Amino acid sequence: MRESAIEKYLREQVKAAGGRAYKFVSPGNAGVPDRLVLFPEERAYFVELKAPGKKPTPLQTVQGDKLRKLGFTVEVIDSKKGVDEFIRKHGVGAP
C-alpha cells in the first residue's frame, strides 16, 4: 500500500470523526510532519505518514522531537489500522 492511500484514508476518517486533517508545510523547515490534525475542544496532533514498514528519516525524527518538546503529540502512522487506532485514541469523544 502506498503512503498516499494511507494519507487519503486518514483525511476521510478524521473528517468522519468531526475533525480536520490539514496538509502541513513549513517553508524552510524540511522534515515536518505531513498532517496537522485538529479535533474539537482545541485538540491538535501532528501526523507523519509512511508506507507500511517504513520509518521516519533522521530529519523527520528531529523535527518530531522538537514538536514533542513543545508539548505536542506527534504520531507516525504506516497503515489503515494505525489510522483507526489514532481515531479511537484521539477522535471526538476520546479523552
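From a predicted model like this one, the values you see are computed outputs, not experimental measurements.
Nearest heavy-atom pair, V32 versus E48, reported as atom, atom and distance to 0.1 Å: O-OE1, 3.7 Å. Contact detail for A44 and L36: the closest heavy-atom pair is CB-CD1, 4.4 Å. Residues G18 and P40 come closest through the heavy atom pair O-CD, 3.6 Å. Taking both residues in full, the closest heavy atoms of F39 and G19 are given as CD2-CA, 3.8 Å, listed atom of the first, atom of the second, then distance. For the pair L10 and V83, the tightest heavy-atom approach, listed with the atom from each and the gap, is CA-CG1, 3.8 Å. Scanning all heavy atoms of the two residues, the minimum distance from S79 to G82 falls at OG-N, 2.9 Å.
Applying the side-chain contact (heavy atoms from CB on, under 4.5 Å) criterion to D78, with sequence neighbours excluded, gives K50. The side-chain contact (heavy atoms from CB on, under 4.5 Å) check on A21 picks up R11, V14, R35, V37, with sequence neighbours excluded.
Q63 contributes no side-chain N or O that, together with a main-chain N or O of P33, makes up a donor-acceptor pair within less than 3.5 Å.
Side-chain contact check for F24 versus V47: every heavy-atom pair is 4.5 Å or farther apart. Taking 4.5 Å as the limit, every side-chain heavy atom of K66 sits out of range of all side-chain heavy atoms of K69.
Following chains of ILVMFWY side-chain contacts shorter than 4.5 Å, one can reach Y22 starting from L67, so the two form part of one hydrophobic cluster. In the hydrophobic clustering of this structure, M1 groups with I87; members are Ile, Leu, Val, Met, Phe, Trp, Tyr whose side-chain heavy atoms approach within less than 4.5 Å, directly or through other members. One hydrophobic cluster, built from ILVMFWY side chains closer than 4.5 Å, holds both V74 and L38.
A distance of 7.0 Å separates CG of D34 from CD of Q60, quoted to the nearest 0.5 Å.
Ring-plane geometry between F86 and Y45 is classed as perpendicular, the angle between the planes exceeding 60 degrees on a 0 to 90 degree scale with a lower cut at 30. Between F72 and F46, the angle of the ring planes goes over 60°, which puts this pair in the perpendicular group of the 30/60° scheme.
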- Item | Check against salt bridge (Lys or Arg N to Asp or Glu O under 4.0 Å), E3 and K54 | CA-CA 9 Å; E3 178 180 318; K54 298 290 184 179; over 6 Å; no
- Test log, rule side chain to side chain contact (heavy atoms under 4.5 Å, CB included), inputs E85 and R88: CA-CA 5 Å; E85 291 170 2; R88 275 194 297 279; 3.4 Å; yes
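The pair D65-R68 meets the salt-bridge criterion, since a charged nitrogen lies less than 4.0 angstrom from a carboxylate oxygen.
Atom NZ of K23 has more than 12 neighbouring heavy atoms from other residues, nucleotides or ligands inside a 6.0 Å radius. The environment of CZ in R20 is sparse: at most 12 heavy-atom neighbours from other residues, nucleotides or ligands sit within 6.0 Å.
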